[in-house]
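Residue numbers begin at 1 in each chain, while the letters A, B, ... track the order of the sequences.
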Amino acid sequence: MALATTSLEKRKIKYLYIISFIFLISTEKSLSNENGKILSYAAGCYGCHTSDPKKPFGGGYKIQTKYGTFITPNITKDITSGIGRWSKTEFIKAIKHGISPSKKPYYPAFPYSWYSNMQDSDILDIFEYLNSVPSILNKIPSHDLKFPYRIREALWLWRIINKNIQKNSKLDSEVTNKNRGEYIIKAVAHCSACHSPRIWLSIIKDHENLNGKIETHKLLNDGAPNISKDKIKGIGSWSESDIVFFLQSGIKPNGDFAGQEMSKIIENGTSYLIKEDLEKISAYLLSNKNK
Amino acid sequence: MIKIIFITTFLLSLIISNSAFAQNAEDIIKYRINIMKSLGNHISIIAANLKGKVSINEDILPHSQSMLLTLSSINIEKLFPINTKASDSSKTKALDSVWVDKELFQKSMSQSLEKTKDLVKAAESGDNQNIAKSLGALGKTCGACHDKFRKKKN
């Protein structure tokens with residue numbers, strides 16, 4: 001009798017182990033998916049690839065520039081109009097190097113040179129998240145660009161020029177608690193894509209420069225303010241909690257509000273970041289590293 | 001002689017009335033800047049509580065209500081008369097679009113007013129998360145209005 005009870009208990013413990021193991025695996029997976037979701041928003045995937053909130057990541061969002069209009073692609077898992085046939089390797093190559101699976105270069109409107117500093121594990125979390133959202137059939141028309149910018153092959157030349165002019169912006173390969181703020185700013189949220197001055201052919205010389213950008217055309221509304229540590233020209237007079245609150249709500253310390261473009265970035269991007277990450281971003285922006 | 005006196009008087013009165021008109025325009029510009037600043041101050045006070053910089057949460061409701069009262073009392077015709085454009089004075093940031101696209105301007109103001117009503121309701125509930133959400137929604141309407149109708153900082 002006693003022997004039978006012990007055997008039953010042993011079996012119960014065995015099942016308990018199995019259940020705990022399954023639970024651990026599923027928790028790990030859902031945490032990874034949560035990371036993928038947060039990064040998909042913070043990196044601007046949702047904001048730039050969604051023209052209709054009912055069709056998230058379905059593409060068709062129009063970016064007006066002085067070169068013409070870029071129309072963003074569908075990045076849902078649809079196999080005909082989206083990225084459903086892409087492998088993990090192809091996705092990483094597209095994000096980090098700006099090369100499509102058909103070996104075509106992407107226009108720099110897609111901020112791959114910032115994403116090149118992203119961790120492969122984070123990119124794969126995004127890929128997994130994109131594969132978990134509903135598939136949308138939405139064939140996107142070609143970009144509507146002026147001549148000669150519509151010649152995609154010319155981008156190979158642009159890439160060489162850009163690489164030679166741009167200051168090396170490689171980040172430490174390991175992301176720790178210490179450099180996480182810098183990682184989000186420089187790699188994920190690509191803040192300098194808007195907050196850095198651009199020279200000819202829209203090249204940004206230094207990704208670390210957050211001194212703001214003047215509008216390229218008065219009708220484009222594409223200027224962005226100085227967010228350096230400078231107390232007068234930048235945001236050096238803000239406190240860490242001011243920056244966190246701004247990135248959650250769009251409200252500045254003086255009671256004024258972010259403009260329409262930044263409001264969208266906050267609503268569809270930075271407001272998804274957890275508070276600890278926003279605090280790390282603020283600490284970086286107010287540190288001596290942000291000149 | 002009477003003719004000369006008449007013309008001189010007419011010209012003088014024209015100059016005087018014009019300068020009075022101009023002075024009036026500058027006063028109105030200052031007046032409306034103060035109204036906008038007062039709205040900003042109310043928001044800063046509410047935000048300081050939401051950020052946890054201060055814990056005087058009982059101030060959130062009266063300051064939300066003050067904003068609602070201020071916004072409800074704005075009379076666009078009186079606050080933005082035609083002679084107070086940025087092209088007429090360097091002291092205002094109001095773009096000509098305020099007068100060119102008057103209907104849209106009025107609509108934008110009405111949207112902010114509606115969002116302020118939501119903010120008051122949230123403040124009445126005392127739930128800070130709800131208040132932050134409503135304040136953010138109000139901010140979006142204000143920011144959109146500033147983009148279209150306010151000169152950008154250099």
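- Counted within 6.0 Å of CD1 on I199(A), heavy atoms from surrounding residues, nucleotides or ligands total more than 12; the atom is thus considered enclosed.
- What you find for D242(A) and K51(B) is that their closest heavy atoms are OD1-NZ, 2.6 Å.
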Could you go through D256(A) and R150(B), starting from their C-alpha distance and side-chain angles, then the distance that decides it, and tell me whether this counts as side chain to side chain contact (heavy atoms under 4.5 Å, CB included)? CA-CA 12 Å; D256(A) 200 355; R150(B) 190 177 72 174; 2.9 Å; yes

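- The number of heavy atoms from other shown groups lying within 6.0 Å of CG (N34(B)) is above 12.
- Using a 4.5 Å cut-off between heavy atoms, Q248(A) makes no contact with chain B at all.
- Heavy-atom proximity under 4.5 angstrom to chain A picks out L135(B), G136(B), G139(B), K140(B), C142(B) from residues 109-142 of chain B.
- Heavy-atom pairs under 4.5 Å with chain B were tallied for S263(A), G259(A), S271(A); the largest tally goes to G259(A).
- To the nearest 0.5 Å, the span separating OG on S249(A) from CG on L50(B) amounts to 8.0 Å.
- When all heavy atoms are compared, the tightest approach of P253(A) to S44(B) is O-OG, 3.1 Å.
- Heavy-atom distances place the side chain of K53(B), and not its backbone, under 4.5 Å from chain A.
- Residue E58(B) places its CD atom among more than 12 non-hydrogen atoms of other residues, nucleotides or ligands, all under 6.0 Å distant.
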